[in-house]
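I have placed the structure first, in the form of structure tokens, so that the comments after it can refer back to it.
Counting starts at 1 for both ligands and their atoms, following the listed order.
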Amino acid sequence: MKLWGGRFEKKENKIMEDFNSSIRFDKRLYKEDVKGSSAHVNMLSASGILNEVEKDDILKGLSSILGDIESGELVIDDSYEDIHTFIEANLIKRIGDTGKKLHTGRSRNDQVAVDLKMFARNAAGEVAALVESLQEVLKTKGEDNNYLMPGYTHLQRAQVVTFKFHMMAYYNMLQRDKKRLLNAIDILNESPLGCGALAGTTYDIQRELTAKELGFKKPVDNFMDGVSDRDFVLELLSAFSIIMMHLSRLSEELILWSSQEFKFVTMDDEFSTGSSIMPQKKNPDAAELVRGKTGRVYGALMSMLTTMKGIPLAYNKDMQEDKEQFFDALDTVSASLEIMCGVISTMKVNKDNMRKAVKAGFLNATEVADYLVNKGMPFRDAHKVSGQIVLHCEKKDCAIEDITLEEFKIYSSLFEEDIFEFIDYDNILKKGIKKEIL
Ligand code: ARG
């Protein structure tokens, strides 16, 4: 069954039918579609367009369809054009001619827009909750393993930090991600239902009623914008892309840290995989997959930006492309957040290896310069002296704290016995604003 056809003389070509059909993927909107239709029917009745009996019949029919889909009794049939057609056709099958009144004062254009908005609103909330779970996992892992570790710039050992501080950097990135998602929900939360195809309807419908029942702040201001706006898809795809970028950076670090070269962390067997040929291998596939899937989510964003850029107002069929991209990106970001929670919560942090890396990295060279500045030397001169000491130690193959006071004094007479206390790694983080790192 089709929802159109009166003005056609020939049947739709089979290739065209398949090409046009979206039910394979928009079946995911069945719950929202029933919810949106129910609100529409309540409103039609409140506005005197449907009578009580008609309203009750349609509502009962819709709710039995929903129940049967959920229980598996009613299987969504891919031969229909889309989920809207499938549900309407089933309603008519179940309750007869009254079902044909459901679509009064409505178009599939406002119908699909409201369905997708409700779906996206809910999905964004679920992703925000997953983001929050990962934040908690990162925080706990950091607190349980608050060891010294090298901080890097240019992937060169730079200054001493703690593992917790490093984890909390990601916590803060995710905090912004969460805000972006919640902000996108806030912006999208205006109802397009009642916009009709593009120009409203001649019935005196009450858009505020459907907006309220469906949890929107208000109806959209402009019908044409209401049916042709997919900014909310773009905003969420953009928020998902940034989340994936953050997860990808974290993945990259985990991959490095779990290598034989770093050995800062050991990933749990539960979240690692092996090699078919090399028996000794334990690969960080979870992190690699998250890093890899980042491109896929960026792809969805690029695809939708490109789809939207050239289409005139109002609705165009190009926009049907929104759903596959959105669903795929949503599933990818959700799975990635979940897997990352597992990877982080189960991995072991190797305190001793991180400490060794701290010691071998001249990570207190900046503090040697700070020491001299405290004794009155201008920073630029102190920087030079500290650099000469690093060179001295590099030649001797030892750490700065391992040389004697006499050796320090070769480079400046300002050095005293207290230099050793000053450049001790544990003490460094107790000084100045570095205290925030602890
Ligand atoms: N399947 C369509 C979509 O996803 C539903 C809206 C169809 N509207 C129309 N005028 N053909 O966008």
Just by distance, no angles: are the side chains of [X] and [Y] close enough, under 3.5 Å, to form a donor-acceptor pair?
X: Glu288; Y: Asn283; answer: no
X: Thr307; Y: Glu321; answer: no
X: Glu253; Y: His166; answer: yes

Short list, please: which atoms of ligand 1 are under 4.0 Å from a heavy atom of [X]?
X: Ser22; value: 1 (N)
X: Asp82; value: 1 (N), 5 (C)
X: Lys323; value: 3 (C), 4 (O), 12 (O)

Can a cation-pi geometry be assigned to Lys359 and Tyr425, taking NZ or CZ under 6.0 Å from the six-membered ring centre and within 45° of the ring axis? no

Cation-pi geometry met for Lys348 and Phe264 (6.0 Å, 45°): no

N or O contact, Gln320 vs ligand 1, cut-off under 3.5 Å: yes

Check whether any heavy atom of Glu81 sits under 4.0 Å from an atom of ligand 1. no

Mutual orientation of the aromatic rings belonging to Phe86 and Tyr80 [parallel < 30°, tilted 30-60°, perpendicular > 60°]: perpendicular

Protein contact to atom 9 (C) of ligand 1 [nearest heavy atom, distance to 0.1 Å]: Asn109 OD1, 3.5 Å

Tell me, which protein residue and heavy-atom name are nearest atom 7 (C) of ligand 1, and how many Å apart are they? Tyr315 OH, 3.6 Å

